[in-house]
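Have a look at the structure below, then the notes.
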Protein chains: 2
Amino acid sequence: MQSKHMAGRLPEPPNPIADDGDETRFCGTCAFSSACIAAGYDKPELVELQCLVEHVGPFRAGEHIFRTGDPFRAIFAVRGGTVKTRMVDKEGREQVLGFYLPGEVIGLNAIYPEHFPCDAVALDTTFFCRFSFPAMSALASRVPAVQQHLFRMLSKELGTASLLAGDHSADERVAAFLMDLASRYAARGFSATRFHLSMSRGDIANYLRLAAETVSRVFSRFRSQKLIEIEGRELQIVDPKGLRVIGQGLLPE
Amino acid sequence: MQSKHMAGRLPEPPNPIADDGDETRFCGTCAFSSACIAAGYDKPELVELQCLVEHVGPFRAGEHIFRTGDPFRAIFAVRGGTVKTRMVDKEGREQVLGFYLPGEVIGLNAIYPEHFPCDAVALDTTFFCRFSFPAMSALASRVPAVQQHLFRMLSKELGTASLLAGDHSADERVAAFLMDLASRYAARGFSATRFHLSMSRGDIANYLRLAAETVSRVFSRFRSQKLIEIEGRELQIVDPKGLRVIGQGLLPE
DNA sequence: AGCGGCAATTGATCCGGATCAAGGCGCGCC
DNA sequence: GGCGCGCCTTGATCCGGATCAATTGCCGCT
């Protein structure tokens, strides 16, 4: 049945990868933007921020940015592409901790243990800004804006961590997941109603603590209810209000 | 059957409330100890840390330390007693986010939103050290040890947040919960094998995303398997190895 | 084109834990 | 003391989602 849709597939969704060639445009979407830019390039202290940033990548889908146990030396801001973080227990079972979009930061949970407590795996072609953490925290001592930024990012991640904790139905989880992705894309200037799911159904299911089959079924049901349009990994949110109602209780307010 | 045990109830477990009258003993167990003490009282910068600390309490069981929406002005280190943090959604359903023992810190997740995103409720009689956050972060700019402490506490909490996320059986959750409590008591110098559960079965169940009946059943099963001894809220861990095996996959390593 | 592997979908069955229900126990209060 | 009210425990039933299983489509490979 789906083969008939080939010609009529959803017309090119915007590519959610920040333009690597346009420095300021990316930086406007980055978690560090207010430290890097808004605070002003002219302030002499911030020259150091430029110095301690290192552009790394590309990583191809499946490649590791860091691995569990690697010594912690830096945090990474996603410049382009999508990353998942995961833990693998000794029985080999994977546990997806989160997905990170352009402008978001990975590695903050390694500060305390001083080693990365999880893997970071590229889901597609990814690029990063690498911030040496010793240099960053030294800078934070001299520039309150940088320190405040770090505190806020850490605290923000504390809030999102408890989002998927509740005991909620599969429908609630999936709806909240989609609306969360939408708002994060919107926050970075991408479309909130049409985007590409870089992660597999299995990854989504694992992240939401569901079976892959359940995620598939919920997607099918949401489609038949005209809440979404989905084909493969191309998603369009048809009824954001409806999804928000379903996902409320998991979503902020 | 239990009434017969009244005379033979577990002999007085140590009271897990830091001695409020013994300043240095408590501080040795506190999350800020290395900033407050180890770094040395003699350093002039640290005099400020003494100044910005304010002792508050007591709060009685059921009283709020802060409420959702309160403006964020300070973080609190538990000096004595136990606290739960929780969110209440608009349908009135409670969601327990965590329990905090003497020496642990609450309020870190309010830095980013600048308002407390949850309630903090005393489970028994509690006392706190209140740290004004503006003063604290100003101090952090000048004293690297304080800054590092804040980073580490935030990062540490990020790690524990993902602990209860996995899809694990009721047995695994309960075993991991007990062993986590045990190690946290041990880290503060209390007995790791015998302590009082300040929270109700309902709170434990809510925190672990189980029904209260399930928690009760698991406790009963663990007792019949000689893993624990429990009577009301007095707990003794009889077979830590066994519990650890059950809870592994949720516990660090 | 033909093959093989992986992701996704869909159907059928099963099970762990939620829910409903019924006491027991402890404690504060009149 | 006697009563009422939470908290806890234990039993019976039910249901959402996991698991098992089969099919299809896509894509890379030769």
Side-chain angles (χ1 to χ4, degrees), chain A residues 1-10 60-62 84 93-96 123-124 164 166-175 177 196-224 228-235 246, chain B residues 1-10 60-62 84 93-96 123-124 164 166-175 177 196-224 228-235 246:
Chain A
M1 108 180 60
Q2 280 179 211
S3 57
K4 279 310 182 60
H5 288 283
M6 285 300 84
R9 80 157 44 197
L10 302 174
R60 300 281 157 191
K84 72 172 172 184
R93 290 175 306 194
E94 181 176 0
Q95 168 91 272
V96 174
L123 294 175
D124 45 26
L164 78 162
D167 63 333
H168 296 278
S169 71
D171 283 17
E172 288 178 288
R173 283 170 196 271
V174 174
F177 171 72
H196 178 82
L197 299 172
S198 311
M199 64 297 286
S200 71
R201 300 288 192 275
D203 281 339
I204 296 172
N206 187 307
Y207 173 68
L208 297 177
R209 318 316 173 203
L210 298 170
E213 294 92 330
T214 302
V215 171
S216 189
R217 278 183 246 270
V218 174
F219 279 165
S220 298
R221 186 149 12 89
F222 282 180
R223 179 169 42 198
S224 73
I228 61 173
E229 200 49 59
I230 189 168
E231 188 178 315
R233 297 188 180 183
E234 298 306 325
L235 176 78
I246 296 174
Chain B
M1 101 181 67
Q2 282 179 209
S3 58
K4 281 308 183 57
H5 287 282
M6 285 298 84
R9 82 157 41 197
L10 303 174
R60 300 284 157 190
K84 72 172 172 183
R93 289 174 307 194
E94 181 175 0
Q95 169 91 272
V96 174
L123 294 175
D124 45 28
L164 77 161
D167 64 332
H168 297 276
S169 71
D171 283 20
E172 288 177 287
R173 284 171 195 270
V174 174
F177 171 72
H196 178 82
L197 298 172
S198 311
M199 65 295 287
S200 71
R201 301 290 192 272
D203 282 338
I204 296 172
N206 187 307
Y207 174 68
L208 297 177
R209 318 317 174 199
L210 298 169
E213 294 92 330
T214 302
V215 171
S216 189
R217 278 184 247 270
V218 174
F219 279 165
S220 297
R221 185 147 13 91
F222 282 0
R223 178 169 44 197
S224 73
I228 62 174
E229 201 49 60
I230 189 168
E231 189 176 315
R233 298 189 178 181
E234 298 305 324
L235 176 77
I246 296 174

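Throughout, protein chains are lettered first and strands after them, A, B, ... in sequence-line order, and every chain is numbered starting at 1. Fair warning: this is a prediction, and the values are worked out from it, not measured in the lab.
- Within the 4.5 Å cutoff, the side chain of B/Arg173 has no heavy atoms near those of the B/Val218 side chain.
- Distances were taken from every side-chain heavy atom of B/Thr214 (C-beta onward) to each of C/dA18, D/dG17, D/dT10; the shortest belongs to C/dA18.
- The distance between atom CD1 of A/Ile230 and atom P of C/dA7, rounded to the nearest whole Å, is 16 Å.
- For A/Arg233, counting side-chain heavy atoms from C-beta on, the closest listed nucleotide (C/dA7, C/dT19, C/dG11) is C/dA7.
- Residue B/Met199 is the one, among A/Leu210 and B/Met199, whose nearest nucleotide of DNA chain D lies closer to the 5' end (criterion: closest heavy atom).
- For the pair B/Ser200 and D/dG6, the criterion of a side-chain N or O lying under 4.0 Å from OP1 or OP2 is not met.
- In this structure, A/Leu208 atom CG and D/dG17 atom P are separated by 12 Å, rounded to whole Å.
- Between the side chain of A/Glu213 and the base of D/dC20 there is at least one donor-acceptor pair of N/O atoms closer than 3.5 Å.
- Taking atom CD of residue B/Glu231 and atom C1' of nucleotide C/dG24, one finds them 14 Å apart after rounding to whole Å.
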side-chain contact (heavy atoms from CB on, under 4.5 Å) between A/Arg201 and A/Phe219, worked out: CA-CA 10 Å; A/Arg201 300 288 192 275; A/Phe219 279 165; 3.4 Å; yes
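- Within the nucleic acid shown, A/Arg221 has no heavy atom closer than 4.0 Å to any nucleic acid atom.
- Applying the 4.0 Å criterion to OP1 and OP2 of C/dT10, one finds that A/Ser216 has every side-chain N and O outside that range.
- Note on A/Asp171 versus A/Arg221: salt bridge recorded, some NZ/NE/NH1/NH2 to OD/OE distance being below 4.0 Å.
- Picking from C/dG17, D/dT9, C/dA8 the nucleotide with the shortest atom distance to the side chain of A/Arg201 gives C/dA8.
- Computed from coordinates, the A/Leu197 CG to C/dT9 P distance equals 10 Å when rounded to whole Å.
- The distance from atom CG of B/Asp167 to atom CG of A/Leu210, rounded to the nearest 0.5 Å, is 8.5 Å.
- Between B/Glu231 and B/Arg223 there is no salt bridge, since no side-chain N of the basic residue sits under 4.0 Å from a carboxylate O of the acidic one.
- Each of A/Gly202 and A/Asp167 has a nearest nucleotide on DNA chain C; the 5'-most of these lies closest to A/Gly202.
- Here the P atom of nucleotide C/dA8 and the CG atom of A/Asn206 are 13 Å apart, to the nearest Å.
- Distance, A/Leu123 CG to C/dA7 P: 13 Å, rounded to whole Å.
- The nearest whole Å value for the distance from the CZ atom in A/Arg223 to the C1' atom in C/dT9 is 9 Å.
- Contact annotation for A/Ala211: base contact, defined as any heavy-atom pair under 4.0 Å involving a base atom.
- Smallest separation of non-hydrogen atoms from B/Arg209 and B/Asn206: NH1-O, 2.8 Å.
- Atom CZ in B/Arg93 sits about 14 Å away from atom C1' in C/dA18, given to the nearest Å.
- Within 3.5 Å, a donor on the side chain of A/Arg217 pairs with an acceptor on the base of C/dG11, or the reverse.
- A rotation axis mapping the C1' atoms of four pairs onto the next four is fitted at both ends of the helix from C/dA1-D/dT30 to C/dC30-D/dG1 over five pairs, and the angle between these axes is 40° to 10 degrees.
- Distance check: A/Glu229 CD to A/Glu234 CD gives 12.0 Å after rounding to the nearest 0.5 Å.
- A 4.5 Å side-chain heavy-atom check between B/Ser198 and B/Lys84 finds every atom pair outside the cut-off.
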